[in-house]
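So the structure is just underneath, and the comments pick up after that.
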Amino acid sequence: CCMLAALPSANAAALAPLPGNSLYQLEIRLTDASAQRFTLRAMAGQPVLLTMFYGDCNAACPIIIETLKRTVAALGPQAGKLRVLMVSLDPLNDSPAGLAQLVKNKQLDARFRLAVASDESQTRLLAGALQIKFRQLGDGVINHTTRIALLDSEGVTQAVSTRLDTTPDAEFVKQINSLLKAGKN
């Protein structure tokens, strides 16, 4: 008990019991663009926008990244309460160094965390939980659905956007703001 009280609140949130439908219950090992290893559960404590992408994508993924940037910007001051986690669909080719270069090239701020799962099975587990379908084509292209999930501080999906457009989804922004204002974060 005394040790838990000494932990920062984010760590305490990561240790707190989670609801059965929390995505943070998934044992998915990730490595981010700074080469830091973590699990989904480490994201507990704040609302998160979670999606999947891959670094070499020249079609949907750049649009998803721009959409996320603009969605965060549309939140105004509330955006400080939100984090963004983007997990690669290509664990064989996306490395922490490559993700770091993407963060730099796309000018993503500290709210954005790009990561890659430890292997293909973990990637598929997360994609399945997020209802993101994907398949690798012979030329290195990955066909995939686009889906951004809003998770509350406990990792429970509160809203989803599947719109592929750089203009933020107004209804999704409204849902994010409602979650942030309700304090379930």
Side-chain angles (χ1 to χ4, degrees), residues 21-24 26 28 30 32-33 40 43 46-91 93-94 98-117 123-153 155-182 184-185:
N21 60 344
S22 170
L23 290 179
Y24 298 157
L26 299 174
I28 297 176
L30 301 164
D32 69 13
L40 281 178
M43 302 299 291
Q46 279 185 282
V48 174
L49 290 177
L50 175 59
T51 193
M52 297 185 81
F53 78 109
Y54 71 104
D56 287 337
C57 181
N58 293 314
C61 298
I63 297 170
I64 293 170
I65 292 169
E66 189 60 30
T67 299
L68 285 166
K69 286 172 63 174
R70 291 181 183 192
T71 297
V72 168
L75 297 170
Q78 291 279 72
K81 300 177 184 176
L82 183 71
R83 291 181 289 172
V84 179
L85 177 61
M86 299 177 63
V87 178
S88 173
L89 290 165
D90 193 3
N93 294 305
D94 280 339
L99 296 177
Q101 189 61 49
L102 189 58
V103 167
K104 182 180 175 184
N105 291 349
K106 297 294 183 181
Q107 301 175 334
L108 301 176
D109 66 34
R111 280 180 292 250
F112 287 77
R113 191 171 194 183
L114 277 57
V116 60
T123 302
R124 291 202 174 278
L125 178 63
L126 181 57
L130 290 172
Q131 300 175 21
I132 293 175
K133 296 177 183 173
F134 73 101
R135 66 185 174 109
Q136 184 104 26
L137 302 179
D139 57 0
V141 170
I142 298 174
N143 273 359
H144 62 93
T145 55
T146 58
R147 188 174 172 89
I148 301 169
L150 170 63
L151 307 182
D152 66 17
S153 62
V156 177
T157 302
Q158 298 296 315
V160 171
S161 176
T162 57
R163 187 169 143 195
L164 186 60
D165 186 342
T166 57
T167 303
D169 178 339
E171 183 58 31
F172 193 52
V173 170
K174 184 177 170 184
Q175 291 168 318
I176 296 167
N177 263 321
S178 291
L179 178 71
L180 296 175
K181 287 177 183 172
K184 191 170 185 198
N185 51 38

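Within the 3.5 Å criterion, the main-chain N or O of Asp94 finds no donor-acceptor partner in the side chain of Asp90. Lys106 places no side-chain N or O within donor-acceptor distance of the main-chain N or O of Lys69, the cut-off being under 3.5 Å. Remark: the backbone N or O of Arg113 is not paired with any side-chain donor or acceptor of Arg83 at under 3.5 angstrom.
With rounding to the nearest 0.5 Å, the separation of CZ in Arg111 from NZ in Lys81 is 13.0 Å. Taken to the nearest 0.5 Å, the CG atom of Leu82 stands 5.5 Å off from the CG atom of Leu180. Going from atom CG of Leu164 over to atom CD1 of Ile63 covers 4.5 Å, rounded to the nearest 0.5 Å. Taken from CZ in Phe53 to CG in Leu114, the straight-line distance is 4.0 Å, to the nearest 0.5 Å. We find the CG-NZ distance between Leu75 and Lys174 to be 14.0 Å, quoted to the nearest 0.5 Å. Summarising the geometry, atom OG1 belonging to Thr146 is positioned 5.5 Å from atom CD1 belonging to Ile64; distances are rounded to the nearest 0.5 Å.
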Working note: Gln78 + Lys181, criterion side-chain contact (heavy atoms from CB on, under 4.5 Å); need CA distance, chi angles, decisive distance, verdict. CA-CA 8 Å; Gln78 291 279 72; Lys181 287 177 183 172; 2.9 Å; yes
Can you check side-chain contact (heavy atoms from CB on, under 4.5 Å) on Phe172 and Leu150, steps first, answer last? CA-CA 9 Å; Phe172 193 52; Leu150 170 63; 4.0 Å; yes
side-chain contact (heavy atoms from CB on, under 4.5 Å) between Leu40 and Leu126, intermediate numbers included: CA-CA 10 Å; Leu40 281 178; Leu126 181 57; 3.9 Å; yes
Start with the C-alpha distance between Thr145 and Thr162, add both sets of side-chain angles, then the distance that settles side-chain contact (heavy atoms from CB on, under 4.5 Å), and finish with yes or no. CA-CA 8 Å; Thr145 55; Thr162 57; over 6 Å; no
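What you find for Thr123 and Ser88 is that their closest heavy atoms are CG2-O, 3.6 Å. For the residue pair Leu85 and Val87, the shortest heavy atom distance occurs at CG-CG2, 3.9 Å. Annotation for Cys57 and His144: closest pair SG-NE2, 4.2 Å, computed over non-hydrogen atoms. When all heavy atoms of Ala129 and Leu23 are compared, the closest pair comes out as CB-CD2, 3.6 Å. For Pro168 against Val173, the heavy-atom pair with the smallest separation is CB-CG2, 3.8 Å.
Here the rule is side chain to side chain donor-acceptor pair (under 3.5 Å) with Ser161, and of Thr67, Thr51, Asp169, Thr71 only Asp169 fits it. With Met86 as the partner, the side chain to side chain contact (heavy atoms under 4.5 Å, CB included) test is satisfied by one option alone out of Leu49, Leu102, Leu68, Leu50: Leu68.
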